[in-house]
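The next block holds one structure in the form of structure tokens; read it before the comments.
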Number of protein chains: 2
Amino acid sequence: MTVTLADVAVRAQVSPATVSRVLNGNYPVAASTRERVLRAVDELDYVLNGPASALAAATSDLVGILVNDIADPFFGIMAGAVQSEIGGPGGRAGGERLAVVCNTGGSPERELTYLTLLQRQRAAAVVLTGGAVEDTAHAAAVATKLRKLAAAGTRVVLCGRPPAPAGTDAVALTFDNRGGGQLLTEHLIGLGHRRMGYIAGPEERTTTRHRLEGHRDALAAHGVPDDPAWTVHGRYDRRAGYEATLELLRREPGLTAVVAANDTVALGACAALRDSGLRIPDDVSVVGFDDLPFSIDAVPALTTVRLPLADAGARAGRLAMGREEAPPDGIAQIRGELMVRGSTGAPKGV
Amino acid sequence: MTVTLADVAVRAQVSPATVSRVLNGNYPVAASTRERVLRAVDELDYVLNGPASALAAATSDLVGILVNDIADPFFGIMAGAVQSEIGGPGGRAGGERLAVVCNTGGSPERELTYLTLLQRQRAAAVVLTGGAVEDTAHAAAVATKLRKLAAAGTRVVLCGRPPAPAGTDAVALTFDNRGGGQLLTEHLIGLGHRRMGYIAGPEERTTTRHRLEGHRDALAAHGVPDDPAWTVHGRYDRRAGYEATLELLRREPGLTAVVAANDTVALGACAALRDSGLRIPDDVSVVGFDDLPFSIDAVPALTTVRLPLADAGARAGRLAMGREEAPPDGIAQIRGELMVRGSTGAPKGV
DNA sequence: CCCTACATAGAAAGCGCTTGCTGCACCGTT
DNA sequence: AACGGTGCAGCAAGCGCTTTCTATGTAGGG
């Protein structure tokens, strides 16, 4: 019923082997023969059977991209950039690759399951984005999985994620979350803030920890008091930012600034402040992290740290395709850039 | 080197056929045998070879999701919902399916290429999201492709997209863009607006046309003048909204409202108005479309039409899996809900 | 004019899995 | 006691492609 390689071969009056070679272009085929084959392909409207091809060649053209939340532009931007580089349609590379974007929802189990699924598909490469979960058992399981993937010829790239344990020869592009956190808090300290609330992400994520550490480093470096009660953990979403802000205000009505784990959380914080009758930045300054597209449209525009998400994703894509050399030691630290905008100002009375 | 079904069979002292049947669970296998097999699978850490399985069974567990822009939450939300329903890890269904999210960037060619790629992979289902391009040649090409996919057993679902030509037995979940556009403009007319600018999306998209038609229908129905110069086309992004607004202001400084093609564009419009020294909604009212999460955080919050993106995506996922009955005629119209918020008010002097 | 070299095409052996059919116990019937 | 069922397991034939190895035709070199 469906057209197969053999059908094309018959029509072009050549052997199946020749058709395969024309299609793969990795073996000399006389120009006239090639043309005949291509015409037959066209006339029969032949479409290669991917699974069969993958089975015979022991590799597929699938590239997996693991993200925590596909509805979050933070991941969408990276995923899009990866995809544009791996040579899918419209990508600049030749071979046509299919990007498989997998939504883990931040769940370690799902992450593992997706890795198995990709292993099952004999994926050509896997890109893991976003922070890792700090759970020893899980980290070990992931490392094992990655090692197996690598052993099976799947290239593994971490994008915006801390390096995997040694042994996994995965290339890592990590964001300098710590440095970014420091930048932000130093900016606030420089403006005169001394009582700053911190809305952190989920406790067990590396991203959360690093950003928070950066904040604390800055506080310590400048001798600014750091009350544990001024830090609240929550999810990386608007709602969490809203609620955490109300909670912080309850605990310390005298806060002059709120440092949010990321831009989305910061928006929630802004909403909560506004609803509490506080003006930004006159009463309370707010900072975010990531510089997602909408941050500039907040009113006032959000002071934040810009992460080059698209660049990082593109680079990860190239690394996944072996089109770019891995950084020394397989690790590259990517810095963020402080974007000072309207949501921060000097505290009242300074 | 890699463990195969045969290895497991040897270890469990059964035939490969039995192992396959245990794994697929679609054939009676004695409990004791099953257990032995499962233990062997576990001990050997066996991972099924997807391509081989797909080849032999003539179907795969890949589900394709085509989106215009993966970095846009509009699509991210739908894609995430589809994915959670198709039974990937964490999904409620049993079988483990891999969602392949394909980023067309709105390009017809890429759309076609991706469909071919999915056809090549013998995808179990394909979900197309977002408006279609109104180009006869392209539409015909897509229809042909969809027909072939369907013939090959791939289920096709359109989500937020107008129904495909008859013959393609694709189920369509379409958004009532026209009705939504009408709602918005009627709301403005009701507030007293008479000079409204309209920032439309790219000309050739169905979504663009339908929303614009809704707007014009409302104008006509209420006898409000409709100057063609008050409509500007642009892309569906913030930048386009910003520039289009400046252009509209240049053409007609007396505008009292700006109707944007979607929320993202509306944000750009707000920024342009603000930068022009105009207050929202005191000087100019603004409305968007879609009600993306960030719309409520705009200041003032955006009046818009809420589209149940997550619900629609989930439903599309279920349809793609054959877990939900198709609507009569294979078409379901999904209405939007008017969300009146702070960005609209009566024009000055009313 | 024969021999070696090169360029191309073909034959055929899998790749690892699924599945229709067959085989064989064991059981309840007549 | 012979027989048809029924429940499980195995055999073996592919699924459609890639790729190694071999065969052939042609062109040059001696």
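Lettering of chains follows the sequences in order, A, B, ..., and the numbering in each one begins at 1.
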(message) Applying salt bridge (Lys or Arg N to Asp or Glu O under 4.0 Å) to B/Glu85 and B/Arg323, what does each step give before you reach the verdict?
(response) CA-CA 9 Å; B/Glu85 285 291 337; B/Arg323 287 196 291 113; 3.1 Å; yes
(request) Walk along DNA chain C from 5' to 3' and tell me the first and last nucleotide with an atom closer than 4.0 Å to a non-hydrogen atom of chain A. (result) C/dT8 to C/dG16
(message) Ignoring hydrogens and geometry beyond distance, is a side-chain donor-acceptor pair present between B/Ser15 and B/Thr18 at under 3.5 Å?
(response) yes
(message) Quick check: do A/Gln121 and A/Leu117 have side-chain heavy atoms less than 4.5 Å from each other?
(response) no
(message) Given 3.5 Å as the limit, does a donor-acceptor pair link the side chain of A/Thr129 with the main chain of A/Cys159, or not?
(response) no
(message) D/dT18, OP1 or OP2 - any side-chain N/O from A/Ser20 closer than 4.0 Å?
(response) yes
(message) If you compare every side-chain N and O of B/Thr18 against the phosphate oxygens of D/dA9 (OP1, OP2), does one of them come in below 4.0 Å?
(response) no
(request) Starting from the 5' end of DNA chain D, give me the residue, A/Asn49 or B/Thr33, whose nearest nucleotide shows up first. (result) B/Thr33
(request) Would you mind reading off the distance between A/Asn24 atom CG and D/dT20 atom P, rounded to a whole angstrom? (result) 12 Å
(request) Starting from the first five and the last five pairs of the helix from C/dC1-D/dG30 to C/dT30-D/dA1, work out the angle between the resulting helix axes, to 10 degrees. (result) 50°
(message) Quick one, B/Asn49 and B/Leu5 - any side-chain contact, counting heavy atoms below 4.5 Å?
(response) no
(request) State whether the side chain of A/Thr154 and the backbone N or O of A/Ala125 hold a donor-acceptor pair below 3.5 Å, judged by distance alone. (result) no
(message) Nearest whole Å is fine: how far is D/dG14 P from B/Leu55 CG?
(response) 14 Å
(request) Specify the separation, in whole Å, of atom CZ of A/Arg21 and atom P of D/dT18. (result) 11 Å
(request) Could you tell me whether the side chain of B/Thr206 and the main chain of B/Gly131 form a donor-acceptor pair under 3.5 Å? (result) no
(request) Identify whether any heavy atom of A/Ala17 sits under 4.0 Å from a base atom; if not, whether one sits that close to sugar-phosphate; answer base, sugar-phosphate or nothing. (result) base
(request) Measure the distance from OH on A/Tyr27 to C1' on D/dT18 and round it to the nearest whole Å. (result) 12 Å
(request) Assess whether atom CD of A/Gln13 is packed by more than 12 heavy atoms of other residues, nucleotides or ligands within 6.0 Å. (result) no
(message) With a 3.5 Å distance limit and no angle check, can you tell me whether B/Thr113 reaches the backbone of B/Glu109 through a side-chain donor-acceptor pair?
(response) yes
